[in-house]
Number of protein chains: 2
Amino acid sequence: MPYPTSPEPDAGPAADRAYDLTKKLVLSGELPGGHLFSEGEIAGLLGVSRTPVREAFLRLQAEELLRLIPKRGAVVVPVSPEEAEDVLDAREAIEIAAVRRLLHSPDLLPAAVADLQAALRIQQAHADAGDVHAFAEADEDFHGRIVAAGRNCLTIRFYATLAERQQRMSMRALGPVPERLPGVLREHAELIATIENGDEQGFGTALRAHLDGIHRS
Amino acid sequence: MPYPTSPEPDAGPAADRAYDLTKKLVLSGELPGGHLFSEGEIAGLLGVSRTPVREAFLRLQAEELLRLIPKRGAVVVPVSPEEAEDVLDAREAIEIAAVRRLLHSPDLLPAAVADLQAALRIQQAHADAGDVHAFAEADEDFHGRIVAAGRNCLTIRFYATLAERQQRMSMRALGPVPERLPGVLREHAELIATIENGDEQGFGTALRAHLDGIHRS
DNA sequence: GAGGATAGATACATGCTGGTGTCTATGTTG
DNA sequence: CAACATAGACACCAGCATGTATCTATCCTC
C-alpha cells in the first residue's frame with residue numbers, strides 16, 4: 001500500500017554518494033559504536049571534497065546515526081540495551097495508533113487487510129524456502145505496512161527511523177532463530193485477524209505479546 | 001521532571017545564528033508557507049558566507065520546516081489541515097504510550113503526578129492572571145511533561161517536533177479562546193486523576209476528548 | 001640521578017570563506 | 001511558437017583560520 005511520504009532529499013550526486021556510503025558503513029556494523037572518524041576519510045574514499053561529506057554527516061546526525069563533535073569528528077552513536085526498550089515501546093505505540101486510525105475509516109479496511117495478507121504470504125514463502133534473511137526483511141515490511149495503513153506521514157517517517165535503529169541493534173545481537181519462524185507467522189496472522197474484526201484492544205495485546213516474544217525474550 | 005535528551009547540536013557560531021534566525025522567521029509565520037527564498041538572503045542578512053546557512057537549512061529540512069529544492073532554493077513547508085489531524089493523532093499515541101510506560105514503573109508515579117500537579121498550578125496562575133499567551137505555553141509544557149514522564153528519549157524528541165509543528169499551525173489559526181480556559185484546566189486535572197489511579201484506558205479516552213475539544217472543534 | 005609535572009610544539013580535524021561550474025527558470029528575438 | 005540569451009541559485013572545491021588532543025623536551029622536586 002504505497003502512501004506518499006516526503007521523497008529522499010537529493011542534495012547532489014556527491015553528497016548523496018557520501019550519504020549512502022557513510023550510512024552503509026554505520027548500518028552494516030563495520031564501524032563499532034563510539035568509533036570516531038573524520039570527514040576527510042569519507043572524502044578521500046570517494047575522491048570528493050569535504051563539503052558534500054559534511055552535508056551527509058549533518059543528515060546522518062539528524063537521523064541519530066552520527067553525533068558530530070565540534071572540532072573533533074563524528075562518532076557512531078552507540079545503541080544501548082535501554083534504548084532497545086525505548087524503540088520497542090515507540091514501535092508499539094505507532095503501530096497501535098495506525099490500526100486505530102485505520103479502523104476509523106472502514107472503507108479502507110478491506111484493501112489494508114488484503115495488503116497485509118499479501119505481505120504475510122510473501123513472508124511465508126521465505127520461511128518455506130528457509131531464507132532467514134529474506135524472512136527478516138519481510139517481517140520489517142509487514143510491520144511497516146501496518147503503519148502505512150494508518151496513512152499518517154509523520155508517524156510513517158518516525159517509524160522508519162525506529163526500524164533503522166532496531167536493525168542496528170539486531171546486527172549486534174542474534175538474528176531470527178529458525179524455530180521461531182512458524183510462531184511469528186501465526187502471530188502475524190492473528191494480528192491481521194484482530195484488524196479485520198475491528199478489535200483494537202485485541203490488536204494491542206497481540207502486538208505486545210508478539211514483540212515481547214521476538215525481541216524481549 | 002528533567003530527563004536527558006540529546007543536546008542541541010552546536011555546529012559553530014555562524015551556523016547556529018543562521019539556524020536560529022531562519023527558524024524564527026519560519027516559526028513566526030512571517031514567511032508564508034510555500035515561500036521560496038535563498039541561502040544568499042540569510043547569508044547577507046547575517047553577514048556570513050553561504051556555507052553555514054546551508055548547514056542551517058539542512059538541519060531545518062530534517063525538522064521538516066524547510067524543503068530544499070536543488071538549484072532553486074528553500075521553500076517553507078506549508079502546514080495543511082490534513083496534517084493537523086496527523087499531528088494530533090501522533091500526539092495522542094505518544095502521550096498514551098508515555099502514560100502506559102509510566103504506569104509500569106509504580107515507584108516513579110508519585111513524583112510524576114506531583115510534577116504534573118505543579119505544572120497545572122502554574123497554568124492555573126496564568127489563567128487567573130488572564131495571560132492567554134503564557135497559558136498556551138503552560139499548556140504545551142503540561143503535555144510535554146506527560147511525555148517526559150514516559151522516560152523514552154525517542155518519543156520525547158519526536159513529540160517535540162510535533163509540538164513545534166502544531167505551533168506553526170496554531171499561528172495561522174486562532175489562539176486559545178479565553179472561555180475555554182476553565183475547561184482545559186478541568187480536563188488537565190482529570191488527566192492527572194486517571195494517571196494517579198493507574199487508569200490507562202481512562203487516560204486515553206480523556207486525552208482524546210481533551211484534544212478533540214481544543215483543536216478539532 | 002630518577003620521576004613526574006608542565007610548557008611548547010606538532011598533527012589533525014573542523015568552521016568558514018571566496019570562487020567556479022552547472023543547472024533551472026525566465027525573458028527575448030526571429 | 002521555438003530557439004537563444006540571461007540572470008539567479010545551488011553544488012562543489014581548495015584553502016585559511018581556529019580549536020583540540022597528543023607528543024616531547026625541559027624543569028623542578030626528592
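Every chain is numbered from 1 and lettered A, B, ... according to where its sequence line falls, protein lines coming before strand lines.
Put simply, A:R72 has no side-chain N or O that comes within less than 4.0 Å of OP1 or OP2 on C:dT14. A sub-4.0 Å separation between OP1 or OP2 of C:dT17 and a side-chain N or O of B:R50 is absent.
Taking the side chain as every heavy atom from C-beta outward, A:F57 and A:V53 approach each other to under 4.5 Å. You'll find the side chain of B:V26 reaches within 4.5 Å of the side chain of B:R168, heavy atoms only. The shortest side-chain heavy-atom distance between A:R59 and A:D16 falls under the 4.5 Å cut-off.
The side chain of B:P13 lies closest to C:dG15, out of C:dT17, C:dG15, D:dC12. The side chain of B:S49 approaches C:dG18 more closely than any other nucleotide in the set D:dT20, D:dA9, C:dG18.
Along DNA chain C, the nucleotide nearest A:T51 and the nucleotide nearest A:F57 are compared for position; the residue whose nucleotide lies closer to the 5' end is A:F57. The residue among B:A74 and A:P52 whose nearest nucleotide of DNA chain D lies closer to the 5′ end is B:A74.
With no hydrogens or angles considered, a side-chain donor-acceptor pair links B:H188 and B:H143 at under 3.5 Å. A donor atom on one side chain and an acceptor atom on the other are not found under 3.5 Å apart for B:Y159 and B:E164.
The distance between atom CD1 of B:I69 and atom C1' of D:dG8, rounded to the nearest whole Å, is 14 Å. Rounded to whole angstrom, the span from the CZ atom of A:R17 across to the P atom of D:dA11 amounts to 16 Å. The distance from atom CZ of B:R59 to atom P of C:dG15 is 11 Å, rounded to the nearest whole Å. Rounded to whole angstrom, the span from the CG atom of A:L58 across to the P atom of C:dT14 amounts to 11 Å. Atoms CG (B:L36) and C1' (C:dT26) sit 14 Å apart, rounded to a whole Å. Counting to the nearest Å, the C1' atom of C:dG15 and the CG atom of A:L68 are 12 Å from each other. If you take CD of B:E39 and C1' of C:dC16, they are 14 Å apart, rounded to a whole angstrom. Between the CZ atom of A:F37 and the C1' atom of C:dT14 there is a distance of 14 Å, rounded to whole Å.
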